[in-house]
Amino acid sequence: MKGNTKHHANNHHEIELPHGRLHVFANPDVFGAFEPKVYEMADNNLRIPRSMYMSYTPDAHVGVGTCIGTTAVWRMRDGFVSPSIVGVDIGCGMRVHLTPLHKRDIQDPAVRRKLIEAIERYVPTNERTNSNYADIDIMDVVRHGLRGLPDKYVPDARWLTHVEEATFKFDHDFLSELPARIRRNAHGQLGTLGSGNHFIELQAIEIDEGRRETGEGWGLFDGQVVVMIHSGSRAWGAMLGREHTKSLKETMALWGISNPDPNLVYAPAVSHEGKAYLNLMYSALNFAVSNRHMIAFGVRQAFKDVFGEAIELPVLYDLMHNYALKEFHRNEPMLVHRKGATRALPPGHFMNTMAYKTTGHPALIPGSMGTASYIMVGRDEGAKNFYSICHGAGRLRSRRATKELVTVDAFAQSLRVGTEDEILVNHRTLETILDECPQAYKDVDQIIDSVVGAKLADVVARCKPMAVIKGV
DNA sequence: ATGTGC
């Protein structure tokens with residue numbers, strides 16, 4: 001399957017597959033470790049007509065229909081949209097809040113335990129539907145995003161401006177096509193964490209010397225405690241994605257379009273089916289950004305409980321890694337799918353939100369529970385990859401394989417349990433979250449090295465976990 | 001990822 005490969009400098013590989021060209025950004029070690037199946041998947045995706053561009057970030061791994069780590073671009077006017085390329089965790093993304101605290105302020109495990117307990121009081125992590133915010137109209141949220149939230153839940157203006165997008169505008173008429181049970185099942189989920197790889201972490205940061213000016217300009221300092229949040233659109237996006245994948249399968253059969261991978265579905269962006277999906281996907285993006293906002297609001301309350309009313313947690317940034325966005329590239333409106341890929345715009349780029357126009361915005365990249373996460377910033381050279389970088393470490397092995405292979409003891413050791421710099425976890429036993437252990441993920445430092453070496457982005461700060469909150 | 005379901 002893997003055809004001729006042209007290796008460029010800067011970790012950039014161009015692979016000629018039977019149905020088109022795949023770009024891969026990875027250092028030699030990471031590139032060498034890619035499974036053959038990812039090329040088969042890329043080729044199936046390249047069968048979709050009029051593809052303008054397709055690439056893998058170094059964290060790419062096999063997913064349903066399309067690999068996680070894919071950037072796939074079509075022109076708006078004659079291109080395609082694919083629910084399979086977006087994936088079902090629509091709008092999943094990252095958010096970071098700064099604190100005025102130094103890591104020594106929370107070094108005492110008793111303080112961190114208190115914080116974990118307080119956060120769990122405000123952010124439901126176990127039950128599926130028990131939002132603390134019954135007074136928020138979910139339809140306002142999906143229509144207007146952050147601007148659909150009551151004022152009392154917006155602590156300051158930054159919470160509306162330091163985000164990739166506060167409101168995704170779309171044609172609200174398409175909401176009438178929404179199956180009623182999606183509305184029902186998403187009720188009461190706003191501000192809840194979800195499960196799987198979703199988390200809230202308290203981290204201590206180290207600014208990278210090469211980008212100290214950028215970091216300090218953003219309000220970062222060495223040893224600073226930050227809160228990193230990873231969550232998505234919960235049931236709203238999951239059900240929407242599944243619904244449209246199912247109905248598009250039938251529509252494709254009707255149109256006489258087929259793909260060797262039955263899990264890979266797509267429609268012309270201008271068709272009714274394509275437009276319906278795109279518009280409703282934006283409702284899920286509105287839900288997702290609002291969900292992370294309300295999780296952060298809960299975390300802020302928890303910090304006030306522990307450290308007093310005066311403490312504030314300004315938002316650094318909120319951005320996503322699962323979506324399809326209309327973006328202007330190469331003098332044309334394009335539809336850019338990012339499935340497990342993060343936009344990292346460089347300083348001065350016109351698509352940057354106002355607050356980060358001159359510096360470029362923070363690109364937030366989670367590691368795994370026991371390893372560092374990263375705050376990065378895009379470079380001009382990222383244009384060659386439509387400004388996409390990795391979305392995290394990327395899974396190394398499946399949840400099942402992880403549970404068979406890794407012991408609870410090994411997991412505990414990787415969290416330094418029993419030592420004074422133990423990474424605290426909200427779970428009584430590590431057994432319940434064994435499939436999320438660091439051993440389940442690729443080496444994040446290798447992934448970041450690949451991105452930096454490809455000149456797609458620079459590291460601004462490393463964030464080391466001190467406490468982890470996960471759902472089940 | 002996720003309404004617990006074909």
Side-chain angles (χ1 to χ4, degrees), chain A residues 59-70 82-95 123-131 138-139 141-142 178-200 229-250 262-265 277 280-281 283-292 295 319-324 337-342 366 368-369 391-400 402-403 432-436 440-441 469-472:
Chain A
D59 49 334
H61 60 97
V62 170
V64 178
T66 301
C67 288
I68 324 296
T70 296
S82 167
S84 316
I85 307 186
V86 172
V88 286
D89 195 3
I90 301 171
C92 185
M94 307 302 303
R95 185 179 182 96
V123 185
T125 55
N126 291 313
E127 302 92 302
R128 291 196 187 279
T129 56
N130 65 342
S131 168
I138 219 65
M139 292 313 289
V141 166
V142 298
L178 209 63
R181 50 196 184 77
I182 292 185
R183 213 175 285 208
R184 245 195 338 268
N185 285 327
H187 179 74
Q189 289 201 319
L190 198 66
T192 65
L193 184 61
S195 62
N197 58 8
H198 293 167
F199 66 76
I200 301 169
I229 295 165
H230 181 195
S231 188
S233 55
R234 310 288 281 106
W236 186 278
M239 298 187 77
L240 201 67
R242 230 171 69 168
E243 229 22 79
H244 281 258
T245 302
K246 211 176 101 190
S247 67
L248 260 186
K249 256 182 210 177
E250 292 160 17
N263 289 318
L264 178 53
V265 300
Y277 173 71
L280 290 173
M281 184 200 59
S283 78
L285 300 188
N286 282 334
F287 190 108
V289 65
S290 304
N291 189 46
R292 285 187 297 273
I295 290 170
L319 88 176
M320 322 219 195
H321 46 237
N322 289 342
Y323 57 37
H337 297 69
R338 294 192 180 89
K339 183 183 194 178
T342 309
S368 70
M369 282 178 64
H391 86 303
R395 271 201 105 78
L396 181 64
R397 46 179 69 97
S398 70
R399 295 184 184 279
R400 224 178 83 173
T402 303
K403 283 179 186 161
T432 44
I433 51 170
L434 183 57
D435 51 351
E436 280 294 313
Y441 287 90
I469 292 164
K470 291 191 72 88
V472 274

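All values reported here derive from a predicted model rather than from experimental measurement.
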Taking only side-chain N and O atoms of [X], does any of them lie within less than 4.0 angstrom of OP1 or OP2 on [N]?
X	N	answer
N185(A)	dT2(B)	no
R234(A)	dT2(B)	yes
H230(A)	dA1(B)	no
Q189(A)	dG3(B)	yes

Base, sugar-phosphate, or nothing for [X], non-hydrogen atoms under 4.0 angstrom?
X	answer
G87(A)	nothing
G232(A)	nothing
R399(A)	sugar-phosphate
R184(A)	nothing

Distance-only donor-acceptor test, R242(A) side-chain atoms vs dG3(B) base atoms, 3.5 Å: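 In this structure, the two groups form a donor-acceptor pair.
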In whole angstrom, give the distance that lies between atom [atom1] of [X] and atom [atom2] of [N].
X	N	atom1	atom2	answer
D435(A)	dA1(B)	CG	C1'	12 Å
L190(A)	dT2(B)	CG	C1'	16 Å
R395(A)	dA1(B)	CZ	P	7 Å
H61(A)	dA1(B)	NE2	C1'	12 Å
I85(A)	dA1(B)	CD1	P	20 Å
M281(A)	dA1(B)	CE	P	19 Å
M94(A)	dA1(B)	CE	C1'	14 Å
N291(A)	dA1(B)	CG	P	14 Å

Separation of H244(A) NE2 from K249(A) NZ (nearest 0.5 Å):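 Reported value, rounded in 0.5 Å steps: 14.5 Å.
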Side-chain donor or acceptor of D59(A) paired with backbone N/O of G69(A) under 3.5 Å: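 Not a single qualifying donor-acceptor pair exists.
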With sequence neighbours excluded, residues passing ring-ring contact (aromatic ring centres under 6.0 Å, His included) with H337(A):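 W74(A).
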Counterpart residues, ring-ring contact (aromatic ring centres under 6.0 Å, His included), relative to H230(A) (two or more places apart):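 ring-ring contact (aromatic ring centres under 6.0 Å, His included) list for H230(A), sorted by chain: H198(A), F199(A), H321(A).
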Minimum-distance nucleotide to S195(A) side chain [options: dT2(B), dA1(B), dG3(B)]: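 Within the option list, the nearest is dT2(B).
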Residue from L396(A), T402(A), N197(A) passing side-chain contact (heavy atoms from CB on, under 4.5 Å) with Y441(A):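 Only match with Y441(A) under side-chain contact (heavy atoms from CB on, under 4.5 Å): N197(A).
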